[in-house]
Undergrad: 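What follows is a structure written as structure tokens; I'll ask about it next.
By convention in this document, chain letters (A, B, ...) are assigned in the order of the sequence lines, proteins followed by strands, and residues within each chain are numbered from 1. Remember, it's a predicted structure, so these values are computed and weren't measured experimentally.
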2 protein chains.
Amino acid sequence: MKNKSNLNINQFLKHISLDCVVFGFHENQLKVLLLRMKKTQEWALPGGFVQEDESMELAANRVLKVRTGLDHIFLNQFHVFSDPERSNINPAVPDVLEFGITFNDADWFNQRFISVGFYALVEFSLVQPKPDLLSDICEWISLDEIGSLMMDHRQILDKALETLRLQLVFQPIGYNLLPEKFTMPELQKLYETILGKELDRRNFQRKILAYNIISKLDEVRQGVPHKAPSLYRFNPENYQKALNEGLGGKW
Amino acid sequence: MKNKSNLNINQFLKHISLDCVVFGFHENQLKVLLLRMKKTQEWALPGGFVQEDESMELAANRVLKVRTGLDHIFLNQFHVFSDPERSNINPAVPDVLEFGITFNDADWFNQRFISVGFYALVEFSLVQPKPDLLSDICEWISLDEIGSLMMDHRQILDKALETLRLQLVFQPIGYNLLPEKFTMPELQKLYETILGKELDRRNFQRKILAYNIISKLDEVRQGVPHKAPSLYRFNPENYQKALNEGLGGKW
DNA sequence: CAAGCAATGTGTCGTATTGACGCAATGATA
DNA sequence: TATCATTGCGTCAATACGACACATTGCTTG
């Protein structure tokens with residue numbers, strides 16, 4: 001039973017959804033990809049549903065491919081949001097009714113959803129944001145400019161950030177967020193933004209270099225004021241090794 | 001539409017299940033609560049489904065209350081298992097048909113499930129294991145005696161253990177696994193079992209004491225061979241503080 | 001019943017890690 | 001050409017960590 005829109009809800013599992021917190025880094029700021037809902041003008045995380053033959057991970061990849069144009073995105077599930085009240089106030093329903101979608105579809109959106117949260121780390125410049133059926137805008141918003149979001153999406157975002165901070169302590173971060181070549185101050189700013197606090201420039205460099213996950217290049221960044229900083233790039237082998245084995249693993 | 005058994009599947013959300021890895025510590029061994037399926041004799045994790053008005057956490061608590069007799073169990077979700085093939089080989093179906101359950105119920109068990117994995121830490125001696133409708137045995141099995149499990153439950157167990165190991169590095173563990181009073185060697189053995197490697201007795205004590213989460217008592221363990229070890233107990237306030245703020249948090 | 005012994009309680013020492021900070025070099029800016 | 005923000009490199013003390021020594025306790029055993 002198809003419907004007028006290009007969204008065929010009948011191929012999706014009931015009660016289950018996913019929401020993605022897509023992190024990017026640009027102009028020394030951590031940004032998140034958000035959608036603005038047509039009807040309510042509320043901002044929301046990109047999300048979607050699960051087809052009958054795909055895993056949650058595949059579904060998240062499929063959703064993000066449409067939303068960003070990217071394939072093989074670095075993705076991690078971090079929490080399941082299952083408060084029975086979380087979707088009671090779903091404001092998407094009036095939207096649905098306005099855009100040529102049948103009442104059966106409104107029922108679909110009105111049901112209770114248990115949502116699996118994913119966070120994604122992507123290289124900002126590669127993303128081509130595309131709104132979905134219910135939104136008119138899809139764009140990057142700086143972390144400190146994000147106010148309240150639709151439903152419990154603010155809570156999902158906060159939990160993603162908290163998870164990312166914990167990961168940072170025992171796993172390398174940056175390979176998926178920075179361009180191939182980057183400077184030490186840029187990498188440091190990324191860490192500072194995620195952690196939400198300032199770090200000592202010299203101690204940071206010492207620690208990062210000790211991990212052996214980045215290599216210094218024979219180039220400097222051009223066209224910047226003051227002294228030109230050296231460029232670095234990640235060492236894929238050691239980075240992967242650090243991902244598997246952890247960094248400062250105590251005990 | 002009720003059925004003959006005391007399991008009313010109609011109150012549950014379709015496609016969604018949960019599985020619990022319940023850890024206990026006894027006789028210096030880490031144990032997991034397992035069920036043996038009546039029909040196939042395979043071992044399985046305790047699990048269940050989600051009612052229409054409860055969160056995943058509430059559902060997990062409800063399931064474990066029945067299975068262990070305990071309330072307010074320390075519970076954490078750790079991963080969602082959503083491989084479309086994971087429940088194709090569900091061996092519970094023949095069981096279901098044999099125990100007076102209607103064919104509609106067999107359909108229920110035959111559907112695809114996305115399962116949220118929880119791990120629980122409980123005090124061994126407080127648990128009163130009870131089998132469920134499809135199992136004849138519910139008991140503690142030592143970690144190193146666990147072979148293959150039903151469906152993907154072995155994979156779920158392994159992931160739970162991996163998560164527990166990571167938690168151990170930056171969060172205190174033990175309050176929920178040990179009796180009120182315990183000895184330093186017991187606590188160390190718990191850490192060693194979870195980490196899967198031996199630790200230096202003296203360095204372990206120094207490190208643990210530095211966290212200020214346990215207090216030494218004016219008692220020693222009675223009736224043990226050789227020198228009687230002192231008893232300790234967790235300091236609830238500092239333990240909770242460490243849970244929130246983390247332990248050796250780098251950066 | 002005393003010597004032996006296994007396990008516990010306490011401390012040391014060299015090394016590595018960390019946090020705080022100094023200072024010279026660079027290169028655009030004024 | 002002098003200035004100055006920023007980068008690159010280094011120092012030092014405090015702390016944490018791993019490896020190990022030694023004394024103590026109290027059951028075990030000859």
Undergrad: What is the distance, rounded to the nearest whole Å, between atom CG of Asn28(B) and atom P of dA7(C)?
TA: 12 Å

Undergrad: For atom CZ of Arg165(B), decide whether the heavy atoms of other residues, nucleotides or ligands shown that lie under 6.0 angstrom number more than 12.
TA: yes

Undergrad: Taking the inter-plane angle between the rings of Tyr119(B) and Phe74(B) on a 0 to 90° scale, is it parallel (under 30°), tilted (30 to 60°) or perpendicular (over 60°)?
TA: tilted

Undergrad: Is it true that atom CZ of Phe182(A) has more than 12 heavy atoms of other residues, nucleotides or ligands lying nearer than 6.0 Å?
TA: yes

Undergrad: Which pair of non-hydrogen atoms, one from Val63(B) and one from Gly48(B), has the smallest distance, and what is that distance?
TA: CG2-CA, 3.9 Å

Undergrad: Could you check how far CG of Leu199(A) sits from P of dT18(C), rounded to whole Å?
TA: 13 Å

Undergrad: Between Pro229(B) and Arg206(B), name the one whose nearest nucleotide on DNA chain C is closer to the 5' end.
TA: Pro229(B)

Undergrad: Are there over 12 heavy-atom neighbours, none belonging to Phe81(B), within less than 6.0 Å of that residue's CZ?
TA: yes

Undergrad: Please say which of Phe23(A), Phe124(A), Phe25(A) ends up in a ring-ring contact (aromatic ring centres under 6.0 Å, His included) with Trp140(A).
TA: Phe124(A)

Undergrad: Within the pair Lys207(A) and dT17(C), is there a side-chain N or O less than 4.0 Å away from OP1 or OP2?
TA: no

Undergrad: From CD1 of Ile208(B) over to C1' of dG18(D), roughly how many Å is that when rounded to an integer?
TA: 16 Å

Undergrad: Can you measure Leu209(B) atom CG to dG11(C) atom C1' for me and round it to whole angstrom units?
TA: 14 Å

Undergrad: Establish, with yes or no, whether the OP1 or OP2 oxygen of dT7(D) is under 4.0 angstrom from a side-chain nitrogen or oxygen of Thr183(A).
TA: no

Undergrad: Without decimals, in angstroms, what is the distance between Leu247(B) CG and dA16(D) C1'?
TA: 14 Å

Undergrad: What's the CG-P distance between Asp200(A) and dT7(D), to the nearest Å?
TA: 13 Å

Undergrad: Hey, what are the protein-to-nucleotides 22-24 of chain C N/O distances that come in under 3.5 Å?
TA:
unit_1, atom_1, unit_2, atom_2, d
dG22(C), N7, Arg202(A), NH1, 2.7
dG22(C), O6, Arg202(A), NE, 3.4
dG22(C), O6, Arg202(A), NH1, 2.7

Undergrad: Let me see the working for Lys159(B) and Asp19(B) under salt bridge (Lys or Arg N to Asp or Glu O under 4.0 Å), right down to the final yes or no.
TA: CA-CA 12 Å; Lys159(B) 185 80 179 177; Asp19(B) 289 294; over 6 Å; no

Undergrad: Tell me whether Arg154(B) at atom CZ has more than 12 heavy atoms from other residues, nucleotides or ligands lying less than 6.0 Å away.
TA: yes

Undergrad: Please list, by residue number, the residues of residues 215-224 of chain B whose heavy atoms come closer than 4.0 Å to an atom of DNA chain C; answer none if no residue qualifies.
TA: Lys216(B)

Undergrad: In whole Å, I'd like the distance from the CG atom of Leu187(A) to the C1' atom of dG8(D).
TA: 16 Å

Undergrad: Take the protein atom NE2 of His226(B) and the nucleotide atom P of dC27(D), then report the distance between them rounded to whole Å.
TA: 10 Å

Undergrad: For the side chain of Gln205(B), counting heavy atoms from C-beta on, which of dC20(D), dG9(C), dC17(D) is nearest?
TA: dG9(C)

Undergrad: Between Asn203(A) and Pro225(A), which is nearer to the 5' end of DNA chain D once each is assigned its nearest nucleotide?
TA: Pro225(A)

Undergrad: Dump the intermediate steps for side-chain contact (heavy atoms from CB on, under 4.5 Å) on Leu161(B) and Leu30(B), then the final yes or no.
TA: CA-CA 11 Å; Leu161(B) 197 58; Leu30(B) 196 62; 4.1 Å; yes

